[in-house]
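Since this is a predicted model, take the numbers as computed values, not measurements. What's counted below: heavy atoms across the whole structure, side chains too, no hydrogens, waters or symmetry copies.
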Amino acid sequence: MSGTSGAPVSALRAAFGARCPRCGQGALFIGLLKVVDKCAVCGLNLGAHDVGDGPIPFIVLVVGAIAVGLALWVEFTFSPPMWVHMLLWPPLIIGLSLYLLRFLKALLMALQFKHRAEDYDAPG
């Protein structure tokens, strides 16, 4: 089912696994968010291609809406002291933002590969 055998890899599958958009096996990131230079399995050139800040506006809107909605619900349902809000929301916001940033970067790279928006096979 890998892309090296000829079967296409879905963009969602590659994004959820943070895997190469061509073969679906090689890791897409080094560490948390740094894109690898090339796929260790199929050799796809990914070094010159990074979506950068593309997903950040969407993440800000989505995470902001979720956090504000939950904070309002907690406030009006339970009326906790302010320190409870200060303990609850920063970890949720940071964790969800990092997860979504990693996922959306991988998804954008997979979609750009699928639609050939970047010359991945160029030497570099």
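The two residues Pro57 and Gly54 come nearest to each other via the heavy atoms CD-O, 3.4 Å. Here the closest non-hydrogen pair linking Leu111 and Ala11 is CD2-CB, 3.7 Å. Between Cys39 and Cys42, the closest heavy-atom pair is SG-N, 3.4 Å. Minimum heavy-atom separation, Ala14 to Val9: CB-CG1, 4.1 Å. Residue Leu88 comes nearest to Val74 through the heavy atom pair CD1-CG1, 4.5 Å, listed as atom of the first residue, atom of the second, then distance. The two residues His85 and Pro90 make their nearest non-hydrogen contact at O-CD, 3.9 Å.
Atom OG1 of residue Thr77 and atom CG of residue Leu70 lie 10.5 Å apart, to the nearest 0.5 angstrom. Atom CD1 of Ile93 sits about 12.0 Å away from atom CG of Leu98, to the nearest 0.5 Å. Considering CG of Asp37 and CG of Asn45, their distance stands at 8.0 Å, rounded to 0.5 Å. Between Ile56 atom CD1 and Leu61 atom CG the span is 12.0 Å, to the nearest 0.5 Å.
Cluster annotation: Leu92 is connected to Phe78 through the hydrophobic network of ILVMFWY side chains, with a link wherever side-chain heavy atoms come within less than 4.5 Å. Side-chain heavy atoms closer than 4.5 Å link hydrophobic residues (I, L, V, M, F, W, Y) into clusters, and following such links, even through other members, never connects Ile94 to Phe58. One hydrophobic cluster, built from ILVMFWY side chains closer than 4.5 Å, holds both Trp73 and Val63. Note: the hydrophobic cluster containing Met86 does not contain Phe76 (ILVMFWY, side chain heavy atoms under 4.5 Å, direct or indirect links). Leu72 and Leu87 fall into different hydrophobic clusters, where Ile, Leu, Val, Met, Phe, Trp and Tyr side chains are chained together by heavy-atom contacts under 4.5 Å.
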Candidate pair Phe29 and Val36, rule side chain to side chain contact (heavy atoms under 4.5 Å, CB included), full reasoning = CA-CA 5 Å; Phe29 298 108; Val36 298; 5.8 Å; no
Evaluate the side chain to side chain contact (heavy atoms under 4.5 Å, CB included) criterion for residues Leu44 and Phe113: first the C-alpha distance (whole Å), next the side-chain angles of each, then the deciding distance (0.1 Å), finally the verdict.
-> CA-CA 10 Å; Leu44 182 64; Phe113 173 78; 3.9 Å; yes
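The salt bridge (charged side-chain N to carboxylate O under 4.0 Å, His left out) contacts involving residues 69-96 comprise nothing, where partners must be two or more places apart or lie in separate chains. Among residues at least two apart or in separate chains, there is no salt bridge (charged side-chain N to carboxylate O under 4.0 Å, His left out) pair with a member in residues 53-70.
For Val62, the side-chain contact (heavy atoms from CB on, under 4.5 Å) partners at least two apart in sequence or on another chain are Ile66, Leu100. Listed by chain and number, the residues in a side-chain hydrogen bond (donor to acceptor under 3.5 Å, both in side chains) with Ser79 amount to none (sequence neighbours excluded). Partners of Pro81 by side-chain contact (heavy atoms from CB on, under 4.5 Å), not counting sequence neighbours, listed by chain and number: Trp83, Val84.
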Run the side-chain donor-acceptor check on residues 103-110: report pairs under 3.5 Å with partners two or more places apart or on a different chain.
from   : atom 1 : to    : atom 2 : distance (Å)
Lys105 : NZ     : Leu33 : O      : 3.2
Lys105 : NZ     : Asp50 : OD1    : 3.4

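Taking the side chain as every heavy atom from C-beta outward, Val41 and Cys20 never approach each other to under 4.5 Å.
Looking only at distances, a side-chain donor or acceptor of Arg102 sits under 3.5 Å from a matching main-chain atom of Leu32.
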